[in-house]
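Atom set for the values below is all heavy atoms of this structure, side chains included, hydrogens, waters and symmetry mates excluded. Chain letters run A, B, ... following the sequence lines, proteins first, then strands; residues in each count from 1.
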Amino acid sequence: MKIATFNVNGINGRLGLLLDWLAEAQPDAVCLQELKAPDEKFPAALLEKAGYGAVWHGQKSWNGVAILARGSEPVVTRRGLPGSPDDDQSRYIEAAVRGMLIGCLYLPNGNPAPGPKFDYKLRWLENLLLHAQDLLAAGVPAILAGDYNVMPTELDVYAPERWRDDALFRPEVRAAYARLVDQGWTDAVRQLHPEERIYTFWKYWRNAFERDAGLRIDHLLLSPSLAPHLTACGVDRTARARDHSSDHAAVWIELDDPIWR
DNA sequence: ATGTCGTTCGAGGAACGA
């Protein structure tokens with residue numbers, strides 16, 4: 001079973017790109033972030049035509065997350081993280097897909113730091129950690145995938161010294177990410193490629209992609225029951241290389257158990 | 001400090017978030 005995460009940076013503005021990528025990559029399940037579209041403008045019919053059932057949690061202008069499943073309808077288990085009823089930003093959706101629970105998240109950027117946006121990011125992280133702990137306690141096969149807006153280590157940044165004070169790399173957020181992983185989650189890409197420089201995002205500015213001046217901020221975390229089934233992973237750079245692409249590439253993993261095919 | 005996008009509002013291009 002192939003599961004991917006892709007920050008599309010505007011689902012309607014990049015619909016052609018998304019459909020091309022789906023046809024080419026053929027993922028079984030996909031987490032999408034930054035839809036930048038309200039619920040009523042989610043292109044469900046076109047995705048259905050492409051063979052994907054979908055659930056979504058939209059928002060006008062900003063944020064917005066969705067989960068796609070090839071040949072089936074994801075069953076929503078929650079929209080928004082528990083413990084944050086006053087959070088009006090659409091950044092989390094969770095659904096059951098083929099016997100596993102998929103949490104799709106778009107963590108706050110948090111810049112400028114320090115400041116209220118950074119505080120919001122830290123609060124959001126703490127809520128995520130609480131929920132992630134509950135998922136592990138429930139013992140279900142689960143995956144938490146999305147745009148974390150966190151580079152976990154120096155290996156995940158093309159120029160660590162320049163990002164030291166950025167909200168995506170500050171010690172507080174790296175520590176929170178490390179605590180999340182320490183709960184028992186497996187960072188899939190790092191598990192298979194512990195030493196390799198792998199990026200998933202490149203700014204639009206200054207030919208960052210061409211220079212490979214990137215960041216690894218899109219992650220797929222696997223619960224203990226899923227981690228042993230991880231067989232492969234990758235970053236799809238071809239879509240990022242196209243004109244008018246998202247600033248993120250899609251990241252995918254492959255799980256081997258026939259139960260999940 | 002800079003640069004580049006998508007989106008909104010509202011009718012051209014600025015503001016905002018990333």
Separation of the [atom1] atoms in [N] and [M], to the nearest angstrom:
N	M	atom1	result
dG12(B)	dT8(B)	C1'	13 Å
dG10(B)	dA15(B)	P	14 Å
dC16(B)	dT2(B)	P	15 Å
dT7(B)	dG3(B)	P	22 Å

Regarding Asp187(A) and Tyr148(A), is there a side-chain donor-to-acceptor distance under 3.5 Å anywhere?
-> no
Taking atom types as modelled, find out whether Glu94(A) and His131(A) have a side-chain donor-acceptor pair closer than 3.5 angstrom.
-> yes
Can you give me the N/O atom pairs linking the protein to nucleotides 3-7 of chain B at distances under 3.5 Å, or say none if there are none?
unit_1, atom_1, unit_2, atom_2, d
dT4(B), O4', Trp205(A), NE1, 2.8
dT4(B), N1, Trp205(A), NE1, 2.7
dT4(B), O2, Trp205(A), NE1, 2.9
dT4(B), N3, Trp205(A), NE1, 3.0
dG6(B), OP1, Arg14(A), NH1, 2.8

Nearest whole angstrom, please: distance from the [atom2] of [N] to the [atom1] of [X].
X	N	atom1	atom2	value
His248(A)	dA18(B)	NE2	P	11 Å
Gln89(A)	dC16(B)	CD	P	16 Å
Glu34(A)	dC16(B)	CD	P	18 Å
Tyr120(A)	dG17(B)	OH	P	13 Å
Asn111(A)	dC16(B)	CG	P	16 Å
Asp147(A)	dG17(B)	CG	P	17 Å
Leu215(A)	dA18(B)	CG	P	15 Å

Is it true that Phe201(A) and Phe209(A) fall in one hydrophobic cluster, defined by side-chain heavy atoms closer than 4.5 Å?
-> yes
For a 4.5 angstrom cut-off between non-hydrogen side-chain atoms, does [X] reach [Y]?
X	Y	result
Pro108(A)	Lys117(A)	no
Trp185(A)	Leu136(A)	yes
Asp166(A)	Asn111(A)	yes

Tell me what Tyr106(A) touches on the nucleic acid: a base, only sugar-phosphate, or nothing, going by heavy atoms under 4.0 Å.
-> sugar-phosphate
Using 30° and 60° as the class limits, which term best fits the ring planes of Tyr177(A) and His219(A): parallel, tilted or perpendicular?
-> tilted
